[in-house]
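Below is one structure; the comments refer to it alone.
Everything numeric here is computed off the predicted structure, so don't read it as measured data.
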Amino acid sequence: MAQDHAVALEDLTAGLKPGARLIGIDLGTKTVGLALSDPGRRIATPLETIRRTKFTADAQALIAICAKHAVGGLVIGLPLNMDGSEGPRVQSTRAFVRNLAPLTALPIAFWDERLSTAAVTRTLIEADASRARRADVVDKLAAAFILQGALDRLNRPARGWATEED
């Protein structure tokens, strides 16, 4: 693994068994939102939210959930600044991964999560979800947004496929 214990997204699925799921992670200061892929690794579904306590307890909960759902790899949102620079939240996320990596053999990849929570919150507001309901689901929905972006990238057709933009 690289110095920050993460693999490139394109390498994440290289050694996975068929049917192994991916888990998406939206790491917040108070909660960890989780989303799960289907066994075909095409669709992300919100799973649950872990209320953060201490790193060891958070890591144990995450690892137990991964084992329960036959997860083969993790996609963790990297909260880059809008200009692409790395701030304190990125440093915190990288530290979490650095500490988690020795506790699991599962490969971990980062995915740029800029605007994921904002996009999910906007959608919930447009759906007229109450503030309490938004608070209840925003983290796991943000994790699904992160994971779906990564799944879409992983499932993108090989080069040579024409799009309307071409």
Applying side-chain hydrogen bond (donor to acceptor under 3.5 Å, both in side chains), can you list everything that pairs with [X], at least two apart in sequence or on another chain?
X	answer
T29	none
T31	D139
R153	none
N99	none

Exercise for the section: Mind jotting down which residue pairs meet the ring pair (Phe, Tyr, Trp, His ring centres under 6.0 Å) criterion with at least one end in residues 72-106? Sequence neighbours excluded, please. Expected result: F55-F96
Problem - Pairs involving residues 11-51, ordered by first then second residue, that meet ring pair (Phe, Tyr, Trp, His ring centres under 6.0 Å) (sequence neighbours left out) - result: none
Handout entry: side chain to side chain donor-acceptor pair (under 3.5 Å) contacts in which one or both residues fall within residues 33-45, not counting sequence neighbours
Key = R42-N155
Side-chain atoms of residues 101-109: list all donor-acceptor pairs with protein atoms under 3.5 Å, sequence neighbours left out, distances to 0.1 Å.
from : atom 1 : to   : atom 2 : distance (Å)
T104 : OG1    : L106 : N      : 3.1

Under 3.5 Å donor-acceptor pairs involving side-chain atoms of residues 59-80, not counting sequence neighbours:
none

Exercise for the section: May I have all residue pairs that pass salt bridge (Lys or Arg N to Asp or Glu O under 4.0 Å) and include part of residues 49-64, sequence neighbours excluded? Expected result: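 Applying salt bridge (Lys or Arg N to Asp or Glu O under 4.0 Å) to every pair that reaches into residues 49-64, excluding sequence neighbours, yields R52-D58.
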Handout entry: L34 and T49, any side-chain heavy atoms less than 4.5 Å apart
Key =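 No, their side chains stay 4.5 Å or more apart.
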Problem - Set of salt bridge (Lys or Arg N to Asp or Glu O under 4.0 Å) partners for E86, sequence neighbours left out - result: R94
Problem - All salt bridge (Lys or Arg N to Asp or Glu O under 4.0 Å) counterparts of D152, not counting sequence neighbours - result: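 Here no residue qualifies.
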